[in-house]
Amino acid sequence: MELIKVTTEVVPHVALVEINRPKEMNALNIQVITELVGALKEMNSDDRVRVVVLTGNEQAFAAGADIKQMAEKSEAEMTASDEFRIWDEITRFPKPLIAAVSGYALGGGSELAMMCDFIVAADNATFGQPEVKIGTIPGAGATQRLTHAVGKSRAMELMLTGRFFKAQEAFEAGMVARVFPTSGFMEEVIKLASEIAARPPIAVQLAKRAILDAYEMPLAKGLMEERKKFYSTFSTLDQKEGMRAFLEKRKPNFTGQ
Ligand code: DAK
């Protein structure tokens with residue numbers, strides 16, 4: 001069975017990637033993550049793809065890493081195999097990656113959503129970092145990314161209790177960008193993705209990179225990087241087209257160059 005389903009042109013320039021392990025609540029075993037990383041690599045070199053939407057099914061985005069696969073491992077085995085390292089590849093995808101979360105996004109599932117550029121949630125979505133309840137801690141970024149998103153106090157409360165929280169709370173805390181009704185959810189997400197896909201792709205990717213720098217760099221360096229990227233857009237045809245179209249009061253016709 002395919003664990004990752006890819007539809008390249010769900011609408012022009014938007015690819016849909018679905019995690020497909022429904023019986024196990026989309027638990028993320030190494031095979032799922034390996035297939036996902038392979039799919040992202042392919043989409044990175046496919047010029048038709050400008051925006052990727054990562055989703056699960058209505059019941060679960062993903063209920064975490066596969067507990068069966070790791071329950072009996074020793075520290076030495078975990079460290080030596082370092083098989084979780086492949087997760088890092090997801091954060092290196094240069095095109096916009098939207099997490100569309102319906103149902104459960106728990107543990108590594110919620111962390112996978114946070115590795116994406118932003119999260120859009122159906123109103124039935126349930127988030128949580130329940131790792132402490134099973135004797136471990138988040139290992140795919142939640143202690144850092146969730147804390148950046150919602151602040152120390154809320155992050156502590158959520159991760160030390162492991163309690164689940166709904167889409168609306170995640171939205172109000174700043175973890176989720178938009179919440180849509182569960183019925184018609186994917187249509188809304190695809191509409192949003194198409195809006196981004198209609199923008200000049202070089203500028204979109206530069207903006208994405210510059211925003212990520214805000215997490216990874218001191219402010220002064222991030223500002224310098226932003227300025228360099230801003231100037232670099234002036235070497236693109238789409239910048240000329242965008243600004244000329246504005247001045248000529250017409251719609252721009254972007255070519256991706
Ligand atoms: N792993 C394996 N199987 C899972 C699973 C998971 N995380 N979540 C659900 N399942 C399986 C259940 O075992 C059950 O299988 P069967 O018994 O039918 O064979 C089936 O999915 C249906 O689940 P339930 O029977 O439990 O269904 P319920 O509706 O009662 O409950 C639930 C749904 C999602 C609330 C519940 O299943 C649940 O609490 N799941 C576990 C959530 C959890 O604790 N997640 C955190 C796991 S730790 C790292 C990367 C990632 C990670 C760490 C490091 N690196 C890059 C270093 C991540 C760690 C984690 O995610």
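Atoms within each ligand, like the ligands themselves, are counted from 1 in listed order.
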Nearest 0.5 angstrom please: Leu36 CG to Leu3 CG, how far? 10.5 Å
Approximate separation, where rounding is to 0.5 Å, of Gln257 CD and Ser235 OG: 11.5 Å
Please report whether atom 7 (N) of ligand 1 has a protein non-hydrogen atom at a separation of less than 4.0 Å. yes
Any protein heavy atom under 4.0 Å from atom 12 (C) of ligand 1? no
Under 4.0 Å to a heavy atom of Gly108 - the qualifying atoms of ligand 1, by number: 58 (C), 60 (C), 61 (O)
Test of understanding: given a 4.0 Å heavy-atom threshold, classify the contact between Ala63 and ligand 1 as side chain, backbone, both, or neither. both
Would you mind telling me if ligand 1 is within reach of the side chain of Trp87, the backbone, both or neither, using heavy atoms under 4.0 Å? side chain
Of all the atoms in ligand 1, which lie at a distance below 4.0 Å from a heavy atom belonging to Pro130? 43 (C), 44 (O), 45 (N)
Which ligand 1 atoms are under 4.0 Å away from a heavy-atom of Glu24? 4 (C), 9 (C), 10 (N), 21 (O)
Any residue meeting side-chain hydrogen bond (donor to acceptor under 3.5 Å, both in side chains) with Arg250, in chain and number order, not counting sequence neighbours: Glu241, Glu248
Report yes or no: do Glu58 and Thr182 form a side-chain donor-acceptor pair below 3.5 Å? no
Hey, is atom 17 (O) of ligand 1 under 4.0 Å from any protein heavy atom? no
Taking atom 23 (O) of ligand 1 as the reference point, the nearest protein heavy atom with its distance: Met25 CG, 3.9 Å
Would Lys23 count as a contact of ligand 1 if the rule is a heavy atom under 4.0 Å away? yes
So if I count the atoms of ligand 1 from 1 in the order they appear, which ones are less than 4.0 Å from some heavy atom of Gly107? 46 (C), 61 (O)
Side chain, backbone, both or neither: which applies to Met70 and ligand 1 if a contact is any heavy-atom pair less than 4.0 Å apart? side chain
Rounded to the nearest 0.5 Å, what's the gap from CZ on Arg92 to CG on Leu40? Could you check? 12.5 Å
Do Glu35 and Gln31 have a side chain donor and acceptor closer than 3.5 Å? no
Contact with ligand 1 for Gln129, non-hydrogen, under 4.0 angstrom: no
Where do Glu18 and Asn57 land on the side chain to side chain contact (heavy atoms under 4.5 Å, CB included) test, with the steps shown first? CA-CA 8 Å; Glu18 295 164 84; Asn57 54 53; over 6 Å; no
Partners passing salt bridge (charged side-chain N to carboxylate O under 4.0 Å, His left out) against Arg163 (at least two apart in sequence or in another chain): Glu157, Glu169
